[in-house]
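Please read all numbers here as calculations on a predicted model, not as lab measurements.
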Amino acid sequence: MEDNVPTVGSPSSDHMDLATVPGLDFSSIPPISVLNAHFKGEEEDRVKATLRRHGAQLTADVSKVKVFVGKVGTRKRAEFELRARKFEIDEVVELKRVASPIKQDGIPHKRVKVRRSVFKPIQIEDEGSTTEEEVDEVSETEDEAPKTRDTPISSPVLPDEQPVPIATPIFEDTSTDDIIRVVRIDWLNECLSAGRLVPLGENLVYRGKVKKRPPASLGTDYASIKATFTSSHKAASQTQVATRPSTAPHILDRAKEDASIAPVKRQPYHHHGNDGHGSRRFEGRTFTSSASQPTFTHQTAHLLQQTTSEYEGEDTDIPPPPDWVARGLKYACQRFTPANPPNEVFIEQLKKIRTARTLIDDAIGVRAYSSIIAAIAAYPFKLSHPRELARLPGCDEKTAALFVEWKNTGSIQAVEDYEADEVMGVLRAFYDIWGVGAKTARNFYYGKGWRDLDDIVEYGWNGLDRVQQIGLKYYDEFLEPIPRAEVEGIAEVVRQHAVRLRDERVSVTIVGGYRRGKTASGDVDLIVSHPCLAATAHLVRDLVDSLEAEDWITHTLTLSLHNTSRGQTTLPFRTTKASGAGFDTLDKALVVWQDPAWPTRAADLAANPKANNPNIHRRVDIIVSPWRTVGCAVMGWSGGTTFQRDLRRYAKYAKGWKFDSSGVRSRESGEVVELEGSEGVDGPPEEAERRVFEGLGLEYVPPEMRCTN
DNA sequence: AAAAG
């Protein structure tokens, strides 16, 4: 496909032609620079070469550049790129566009959608690794990005904006202002196919007046990082003498700036979040995409070279790759991941970047970082050289660059930015409400204009659903870690009730973080089972009723009986899409738990029948599994998130199966694969779990070695 | 959209 597609004029510019088009001359256009975001491989070099061959004044000098070209789909993205390069744009000259529905009403959801599809996240090198449930994931993965526009393709620029398109020089400005433009790369292709300069039209994504240009840069870009990195020696000679721009004052400045525009509080109906610059400028900071972090890009080029040169000649000191790397095992379920790995401190930084990705609702970025984190967490040596890192699955030179930055400066700019960003703090607080995800958190901030939890309570309480109200009511309590002893106590209560409801043969297995060995858990996850198939039918409901009757359960957040209503069979493969990635395959109750007993209870109640129970509220998940698939249930609920995701991917790609906590099916025939026998195993659920590992062809991984998060 | 790992 690559070679057959006509290259010139390819709208995505993926195939910039190498030929020189006679008569095409860019020399009249102002100094131009290429935005490297979203470029793959040699692409950026090809674009630059093409421009150069046609006489363009290519420059890396931020004091001169007037035009940026790149894969930039939206105004917002353009703003971001400029901001990231430390341009201060004083005034945005709005491009008037015809009938752009999104622009008209500025619906935040749509903006998010558009923006998200525009940037390309860290790439994971292995073929299908970004996909778990490929249906919904592949579609939102890369490539379609540059084609996404926030205006209809045909929407012309209004006449007053570009008076007489063809006759007038394309980049002429009437004013003496320092005008900067961001132009979509497609324009270049259109020029190439036309054989002459064509009007910018819709390819002019952004135009603004520069208030302040950034200090002179190092002129190094990402391509050279890659080159340096891959070449492994002789880096020092290319190293330019340069110091890292002092970031501290900059951050402070911006923090101040941010504070100054920071919201007058309590204006729930005044949507200052949407329309002005106010909050939009917070979106898509450095952490939106490490693929395009010019802030550290040229700094890092230097740093990486520096590090690489520091390590020159020490290649032999790099430890041989661990067995799982050498054998090319790329799934987290194929290796041991302990709780406190040697590179924990670095991993903490990456987790913050991932959190930022979560909060900007960038699922792909979250997955990419999760893979990276999981791989590093399984790496048994303290990382000393970036090249060690880059051989791990999911990691590449960008990851290595982060490592170098962290190693050499003790911090990572993207993390600093995230932590200094007030908006992220607010979003994070909202996200921590049970029942509120990234979308809702963002809507609270950008849509409703709320700035803290009090705002929600004060202005939004009635708009919350029941579950969110509960989440907010017990906000602090749910964030309190639960000690192991208390987890065990809760499990024991559940067991007693289950025994009372059925018989002595019930089993309660504590899964989740507890089983991975955490000293304290965020919630309690229990798998309840019974060797008799009939005994587990409707058991969740019976349990909830019973525990509620004794005041252990104060609220039921969700109760699902899907499995029972299906006759407790393994979730069918090719079911309706709505049944999702397997969340509601087993019967379960997500409840709020509280110990009903307290020392002075009797007296308190005597004095006041409505006396308050002072005990802390806890989140408890009670999952009921039929015996014949408990192994899958226990396995599916014990690992860290990435372990689980990779387990599904492994089952899919290595076995052609669909793994689910309610069992395993063949993707080909749709038939149940009975890894635990048709009636389940004789031993305890842990024994059944071992059988599942065996059946999947996996080495047993003890739960304490599934700490991929 | 959100909940689980």
Checklist entry - Between A:Thr440 and B:dA2, is there a side-chain N or O to OP1/OP2 distance below 4.0 Å? => result yes

Checklist entry - Which residue pairs satisfy the ring pair (Phe, Tyr, Trp, His ring centres under 6.0 Å) criterion with at least one member in residues 511-533 of chain A, sequence neighbours excluded? => result none

Item to check | Those residues that, when tested against A:Arg541, pass salt bridge (Lys or Arg N to Asp or Glu O under 4.0 Å) (two or more places apart) | outcome: none

Item to check | Value in whole Å for how far the P atom of B:dG5 lies from CD1 of A:Ile623 | outcome: 8 Å

Next on the checklist: Applying side chain to side chain donor-acceptor pair (under 3.5 Å) as the test, list every pair that has at least one member in residues 517-529 of chain A; sequence neighbours left out.
Outcome noted: none

Checklist outcome for this item: Rounded to whole Å, CD1 of A:Ile622 lies from P of B:dG5 at a distance of 14 Å

Checklist entry - Would you say A:Glu699 has more than 12 foreign heavy atoms packed within less than 6.0 Å of its CD? => result no

Checklist entry - Can you check the A:Asp621 CG to B:dA3 P distance for me, whole Å? => result 12 Å

Checklist entry - Does a salt bridge link A:Glu492 with A:Arg495, judged by any charged N lying under 4.0 Å from a carboxylate O? => result yes

Checklist entry - When the distance from CH2 of A:Trp637 to C1' of B:dA4 is rounded to whole Å, what number comes out? => result 3 Å

Checklist entry - B:dA4 phosphate, OP1 or OP2: any side-chain N/O from A:Trp434 under 4.0 angstrom? => result yes

Checklist entry - Excluding sequence neighbours, so at least two apart, what forms side chain to side chain contact (heavy atoms under 4.5 Å, CB included) with A:Ala339? => result A:Cys707

Item to check | Interface with DNA chain B, restricted to residues 514-526 of chain A and to heavy atoms under 4.0 Å | outcome: A:Arg516, A:Asp523, A:Asp525

Checklist entry - Base, sugar-phosphate, or nothing for A:Val467, non-hydrogen atoms under 4.0 angstrom? => result nothing

Checklist entry - How many Å lie between CG on A:Asp361 and P on B:dA1, as a whole number? => result 8 Å

Checklist outcome for this item: A:Leu557 CG to B:dA2 C1', in whole Å, measures 11 Å

Next on the checklist: Can you pull out every salt bridge (charged side-chain N to carboxylate O under 4.0 Å, His left out) where at least one residue sits in residues 459-487 of chain A? Sequence neighbours excluded, please.
Outcome noted: A:Glu486-A:Arg618

Checklist entry - Within this structure, what is the NZ-to-P distance between A:Lys439 and B:dA3, rounded to whole angstrom? => result 12 Å

Next on the checklist: I need the CG-P distance between A:Leu464 and B:dA1, as an integer number of Å.
Outcome noted: 17 Å

